[in-house]
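I have placed the structure first, in the form of structure tokens, so that the comments after it can refer back to it.
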Amino acid sequence: MGETIIEKIIRHNTGKAVKPGDIVTVNVDRCMIHDIFIPFVADKFEEMGFTKLHDPDKVVLIYDHLVPASQQDDTRHFHKGDEFVEKYGLTHVHRSDGICHQLMTEAGYVKPGDIAFGTDSHTTTYGCVGAFSSGIGYTEMASILGTGTMWIKVPETIKVVIDGELPENVMSKDIILRLIGDLRADGATYRALEFSGSTIENMSVASRMTMANMAIEAGAKCALFTPDEKTAEYCEIELNDYQKSLVGDEDAVYMKTMTYKAEDFVPVMACPSQVDKIRDVSELEGTEIDQVFIGSCTNGRLEDLRAAAEVLKGKKVADFVKLIVTPASRKIYRQALADGTLDILAEAGAIITHPGCGLCCGRTGGILSDGERVVATNNRNFLGRMGTSKVEIYLASPRTAAACAVAGKIVNPE
Ligand SMILES: CC(C)[C@H](C(=O)O)[C@@H](O)C(=O)O
Ligand code: SF4
């Protein structure tokens, strides 16, 4: 019988064919811990009685949520992390290079077909290169650090097929928002989302990353894209036979299949304060806004900044609106600097910040207060995430967000 991509990855890892519902132990190829959780992971690791890491090479520590510190207690996380690095010999450490999910594939830590875990819900992101990756808690992470293994229940797979050419003002963010609206926030709970079709094949790895990143907003355990030539180029590798085999088989068993025509997509937004409250931007036009945020592990990549720059070129951000732009990594920051993208954004009146999580989780720079409205390109519009609980967060694509910044209100990108 045929297999879905997740079933192939797990079979390759464990040496045994699996079916949904099986509980198996996998060898973890790479794991990621970020600054918020390192103190808890470190304490739990020692509490469990471990005295050395199973394999320091498999561990990546990234400071991103709290960098640079905005509250006094933040620095405690860095000190605790630095102690752990010293004591256990970690070598893959990033202290201000960007957001964890960007760095894990950008810096080459996760490759197609790998199994990776991270102490963050958006760890699903690495499915963009065809890896099985998922978020876990700090106790599970401590156990992985000591044993190199992790148990999982093999998920069922929902197949999503998208064919055709997207309208010009539509980005992959609009697709994943629409899908979350259709599935609802719990519609893919503990399932793998497997994407295919000509639209997906024509999409950049960066656009696939946006979609894999948000899979968790429908509850998915992971998202999977078949590795192809674009993936190989992005990962700077040649795909081996195993990696090339990561295609859902014709006769694989899927929980269900959802089919879309690319031409039918329009710019959309997730409205306050649920990720699955999806409306067409045209239904919301005219709603006044106070701020726009373009960044995060969802949409802080070069193509996102370029899309915003295309809209903002030669224009100005509306007087009363603050536009905050946060590249997802130092590499992206420097590329956007070198190719003039940041200059276009600065000229238009954007506030450009250091790479990191920044405003996405309401930490550094730009929190809002009662009655204010923000259009943002990140992945969650939960109550209180970017300021007080009376702030309204509308999630959108970078193209839509940039158009709103110019108009000072919600508008469709041209
Ligand atoms: C801080 C962390 C636990 C959290 C997550 O897991 O997603 C954060 O990254 C977020 O996006 O809300
Ligand atoms: S950018 Fe936002 S969503 Fe991504 S890891 Fe950071 S806080 Fe979480």
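FYI, the numbering just counts along the sequence from 1. Just so you know, these numbers come straight off a predicted model, no measurement behind them.
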Straight-line distance of [X] [atom1] to [Y] [atom2], nearest 0.5 Å:
| X | Y | atom1 | atom2 | result |
| --- | --- | --- | --- | --- |
| I176 | F195 | CD1 | CZ | 4.5 Å |
| M269 | N412 | CE | CG | 8.5 Å |
| F382 | I393 | CZ | CD1 | 9.5 Å |
| T139 | F37 | OG1 | CZ | 9.5 Å |
| M214 | R380 | CE | CZ | 8.5 Å |
| M171 | L166 | CE | CG | 10.5 Å |

Can we say [X] and [Y] salt-bridge, meaning some charged N sits less than 4.0 Å from an Asp/Glu carboxylate O?
| X | Y | value |
| --- | --- | --- |
| R363 | D35 | no |
| R373 | E288 | no |
| R399 | D174 | no |
| R178 | D280 | yes |
| D29 | K111 | no |
| E3 | R11 | yes |
| E201 | K230 | no |
| R76 | D73 | yes |

Polar side chain donor-acceptor pair, [X] to [Y], under 3.5 angstrom:
| X | Y | answer |
| --- | --- | --- |
| S329 | Q102 | no |
| T123 | D120 | no |
| D82 | Y63 | yes |
| R208 | S172 | no |
| S273 | N381 | no |

Does any N or O in the side chain of [X] come within less than 3.5 Å of the main-chain N or O of [Y], such that one atom is a donor and the other an acceptor?
| X | Y | answer |
| --- | --- | --- |
| T210 | N299 | no |
| R385 | C360 | yes |
| K313 | A308 | no |
| D74 | Q71 | yes |
| T199 | I162 | yes |
| Q291 | G366 | yes |
| Y242 | G113 | yes |

Are any of the side-chain heavy atoms of [X] and [Y] separated by less than 4.5 Å?
| X | Y | answer |
| --- | --- | --- |
| T377 | D304 | no |
| E140 | M150 | yes |
| V110 | M32 | no |
| I237 | P112 | yes |

So does [X] have more than 12 non-hydrogen atoms from other groups sitting under 6.0 Å from [atom1]?
| X | atom1 | result |
| --- | --- | --- |
| K153 | NZ | no |
| E303 | CD | yes |
| E46 | CD | yes |
| Y138 | OH | no |

message: Applying side-chain hydrogen bond (donor to acceptor under 3.5 Å, both in side chains) to D163 and S198, what does each step give before you reach the verdict?
response: CA-CA 5 Å; D163 280 306; S198 63; 3.1 Å; yes

message: Ring centroids only, cut at 6.0 angstrom: are H101 and Y126 within range, meaning strictly under it?
response: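 H101 vs Y126: aromatic centres under 6.0 Å.
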
message: Determine whether the aromatic ring centres of residues F132 and H12 are separated by less than 6.0 angstrom.
response: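 No, too far apart.
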
CA sep, side-chain torsions, deciding dist, call: T326, T353, side-chain hydrogen bond (donor to acceptor under 3.5 Å, both in side chains): CA-CA 5 Å; T326 303; T353 81; 2.8 Å; yes

- request: Would you mind telling me which of H122, H34, H77 makes a ring pair (Phe, Tyr, Trp, His ring centres under 6.0 Å) with H65?
  value: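 With H65 as partner, H122, H34, H77 yield a single ring pair (Phe, Tyr, Trp, His ring centres under 6.0 Å), made by H34.
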
T341/D339 under side-chain hydrogen bond (donor to acceptor under 3.5 Å, both in side chains): CA gap, chis, key distance, verdict: CA-CA 6 Å; T341 302; D339 76 1; 2.5 Å; yes

- request: Apply the test side-chain hydrogen bond (donor to acceptor under 3.5 Å, both in side chains) to residues T231 and D228: give CA-CA distance (whole Å), side-chain angles for both, the deciding distance (0.1 Å), then the verdict.
  value: CA-CA 5 Å; T231 320; D228 58 10; 2.8 Å; yes

